[in-house]
Amino acid sequence: MGLVVQKFGGTSVKDAERIKNVAKIVTDTYAKGNNVVVVVSAQGDTTDDLIEKAAEINPNPSKREMDVLLSTGEQISISLLAMAIEKLGYPVVSLTGWQAGFMTNSNYSNARIRKIESERLHIELDKKNIVIVAGFQGINRYDDITTLGRGGSDTSAVALAATLHADICQIYTDVDGVYTADPRIVPNAVKLDEISYDEMLELASLGAQVLHNRSVEMAKKYNVKLEVLSSYENKPGTEVKEVIKVEKMLIKGVAKDDDVARVAIVGLPDRPGVAFQVFSQLAKAKINVDIILQSIGRDGKKDISITVPTSQKDSAIECLNECKDLLNAEKIELDDNVSKVSIVGAGMQSNPGVAAKMFEALFEADINIKMISTSEIKISVLIDKDKSKKAISVIHDAFEF
């Protein structure tokens, strides 16, 4: 007998029919002799609807009160799923995040899990109950409700799997695994049987929306075996794990991220310490910087270009304009009509010519590259947003998956 943690996203529980389908998947797993812990998200668009309701009352509510509001979405899901499982005749209990022992820090709306006090979970599992836990939420040291931010239910599921030493953590989604590209954009995308934590982490960070990067980081840290599979089709998914079989695949996937803006600090003095000044100011403003490009200094001047999340572009511009005189910069420029397109694969470390093949595909499609960033297992380029879908297709074709 094993312990299985299963996570179901909002689309998987969005209406009565789908909740009944999830109840069948869960009870089938339980009937095979497994202990089962289930994590669910809020139904469908519930979270967006709650955000709209808040805006009608107060356009700028406190993050604490937003967490109180948004945590109710998952509570609806867990109780409805428990009712569906009860109807099938199985023992079940639903628990909120704090009942399940999720202790977090006090960073409202984007809290981090400090620990899970698992005593209640073990009591319920010892009673042979199916345990359904509200994802995305916990409680801080002031007994305030907190939420874990984007992708929080994935993180909840992996944290439970790590704490309970689960045999596997299954992430059920509306796709049947991890693909070499988004199959909605690239029809001939190939489903992967397995992928390493590092490759999945890069893909998740670069815009592939199958798993959230925080959950993959945690799975790697605690060696939690993940499987991504469909809640609609009964077939094997993609395993995410530390060691995968040696394959001939040079790269594992192509991803795009439209949530990006390019900021250029133009005409900086070309002297030591300037980059430190720029990035210390951005760090103080808590701006997340991704790609960095510095031009070669000429005539005593240089430019630094960075990319930031779209949600932080205004804050970044405001921060840099405020310290423009301190930096002796000539001007600050913004381009938010860009996308980041990336290829990921551990195979590229030992294969020269991967970048050339990617750039050739973009050249032949007449797509201009604005910035380039590389690591051992990824190459990212910044291009015009309206060319991003075409870029993914031509790059995918070039590598002949």
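Everything numeric here is computed off the predicted structure, so don't read it as measured data.
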Side-chain (Gln137) to main-chain (Ser71) donor-acceptor, under 3.5 angstrom: yes
Between Glu202 and Ser342: side-chain donor-acceptor atoms closer than 3.5 Å: no
Would one find more than 12 heavy atoms of other residues, nucleotides or ligands at under 6.0 Å from atom NZ of Lys14? no
Interatomic distance, Ser106 atom OG to Lys63 atom NZ [nearest 0.5 angstrom]: 13.0 Å
Counting only heavy atoms from other residues, nucleotides and ligands, does the tally under 6.0 Å from CG of Leu326 exceed 12? yes
Does Asp384 come within less than 4.0 Å of Lys370, counting only side-chain N to carboxylate O? yes
Just do the side chain to side chain contact (heavy atoms under 4.5 Å, CB included) check on Met103 and Ile139 with the steps written out, would you? CA-CA 5 Å; Met103 311 302 293; Ile139 195 168; 3.8 Å; yes
Heavy-atom pair of closest approach, residues Ser393 and Val186: OG-CG2, 4.0 Å
Report yes or no: do Thr180 and His396 form a side-chain donor-acceptor pair below 3.5 Å? yes
Hey, does Asp144 have a side-chain heavy atom less than 4.5 Å from the side chain of Tyr108? yes
Begin from the C-alpha positions of Ile132 and Ile85 and carry the test side chain to side chain contact (heavy atoms under 4.5 Å, CB included) through to its verdict. CA-CA 10 Å; Ile132 305 173; Ile85 290 171; 3.8 Å; yes
Apply side chain to side chain contact (heavy atoms under 4.5 Å, CB included) to the pair Asn337 and Asp335, showing each step before the final yes or no. CA-CA 6 Å; Asn337 188 33; Asp335 181 2; 3.7 Å; yes
Straight-line distance of Lys313 NZ to Thr307 OG1, nearest 0.5 Å: 14.0 Å
Just verifying a value: how many Å separate Ser295 OG and Leu268 CG, rounded to the nearest 0.5 Å? 8.5 Å
Hey, does the side chain of Asp303 reach the backbone of Gly267 with a donor-acceptor pair shorter than 3.5 angstrom? yes
When rounded to the nearest 0.5 Å, the distance separating CG of Asn129 from CG of Leu95 is 9.0 Å
Test side chain to side chain contact (heavy atoms under 4.5 Å, CB included) on Lys128 and Asn35; report intermediate values, then the result. CA-CA 7 Å; Lys128 297 303 175 194; Asn35 285 322; 4.1 Å; yes
Just wondering, are more than 12 heavy atoms of other shown residues or ligands nearer than 6.0 Å to CG in Asp386? yes
Is any side-chain heavy atom of Ile51 closer than 4.5 Å to a side-chain heavy atom of Met66? yes
Does any N or O in the side chain of Thr72 come within less than 3.5 Å of the main-chain N or O of Val68, such that one atom is a donor and the other an acceptor? no
Crowded around Lys389 NZ? As in, over 12 foreign heavy atoms under 6.0 Å? no
Do Val92 and Ser94 come close enough that some side-chain heavy atom pair is under 4.5 Å? no
To the nearest 0.5 Å, tell me how far Asp336 CG sits from Ile317 CD1. 9.5 Å
Check the angle between the aromatic planes of Tyr90 and Tyr30 and answer parallel, tilted or perpendicular using the 30° and 60° thresholds. perpendicular
Would you indicate whether the side-chain heavy atoms of Thr27 and Val36 approach each other to under 4.5 Å? no
Does the side chain of Thr146 pick up a donor-acceptor pair with the side chain of Thr104 at under 3.5 Å? yes
Do Val260 and Val338 make a side-chain contact, defined as non-hydrogen atoms from C-beta onward lying under 4.5 Å apart? yes
Is there a donor-acceptor pair under 3.5 Å between the side chain of Gln281 and the backbone N or O of Cys319? no
Taking the side chain from Glu227 and the backbone from Thr238, do they hold a donor-acceptor pair closer than 3.5 Å? no
Where do Glu124 and Arg120 land on the salt bridge (Lys or Arg N to Asp or Glu O under 4.0 Å) test, with the steps shown first? CA-CA 6 Å; Glu124 299 298 346; Arg120 176 73 186 273; 2.9 Å; yes
Is Leu121 close to Val133 at the side-chain level, that is, under 4.5 Å between some pair of heavy atoms? yes
If we count only N and O atoms by modelled type, under 3.5 Å, do the side chains of Thr96 and Gln99 hold a donor and an acceptor together? yes
Neighbour count above 12 (heavy atom, 6.0 Å) for Glu364 CD: yes
Would the number of heavy atoms belonging to other residues, nucleotides or ligands and lying under 6.0 Å from CZ of Arg141 be above 12? no
As a quick check of understanding, evaluate salt bridge (Lys or Arg N to Asp or Glu O under 4.0 Å) for Arg214 and Asp154, giving each step before the final call. CA-CA 8 Å; Arg214 266 169 71 185; Asp154 285 354; over 6 Å; no
Any side-chain heavy-atom pair from Phe102 and Leu160 closer than 4.5 angstrom? yes
Any sub-3.5 Å donor-acceptor pair from Asp182's side-chain atoms to Arg184's backbone N or O? yes
Main-chain N/O of Asn110 paired to Asn107 side chain as donor or acceptor, under 3.5 Å: yes
4.5 Å side-chain heavy-atom contact, Val308 and Ile306: yes
Rounded to the nearest 0.5 Å, what's the gap from CE on Met371 to NZ on Lys340? Could you check? 10.5 Å
Using distance alone, with no hydrogens and no angle criterion, decide if Asn140 and Arg64 have a side-chain donor and acceptor under 3.5 Å apart. no
Any donor and acceptor pair, going by atom type alone, linking the side chain of Lys390 with main-chain N or O of Ala365 inside 3.5 Å? yes
Is there a donor-acceptor contact under 3.5 Å linking the side chains of Ser196 and Glu199? yes
Any chance CG of Asp259 has more than 12 other-residue heavy atoms, nucleotides or ligands included, within less than 6.0 Å? yes
Applying salt bridge (Lys or Arg N to Asp or Glu O under 4.0 Å), run through Lys53 and Asp49 and close with a yes or a no. CA-CA 6 Å; Lys53 285 185 194 299; Asp49 294 342; over 6 Å; no
Using modelled atom types and a 3.5 Å cut-off, is there a donor and acceptor pairing between side-chain atoms of Ser156 and backbone atoms of Phe136? yes
Would the distance check show the side chain of Ser77 and the main-chain N or O of Ser41 forming a donor-acceptor pair, the cut-off being under 3.5 Å? yes
Would you sort out whether Lys385 and Asp258 count as a salt bridge (Lys or Arg N to Asp or Glu O under 4.0 Å), showing the intermediate values? CA-CA 7 Å; Lys385 190 174 282 186; Asp258 294 331; 5.7 Å; no
Might you confirm whether atom CG of Asn58 has over 12 heavy atoms from other residues, nucleotides or ligands at distances under 6.0 Å? yes
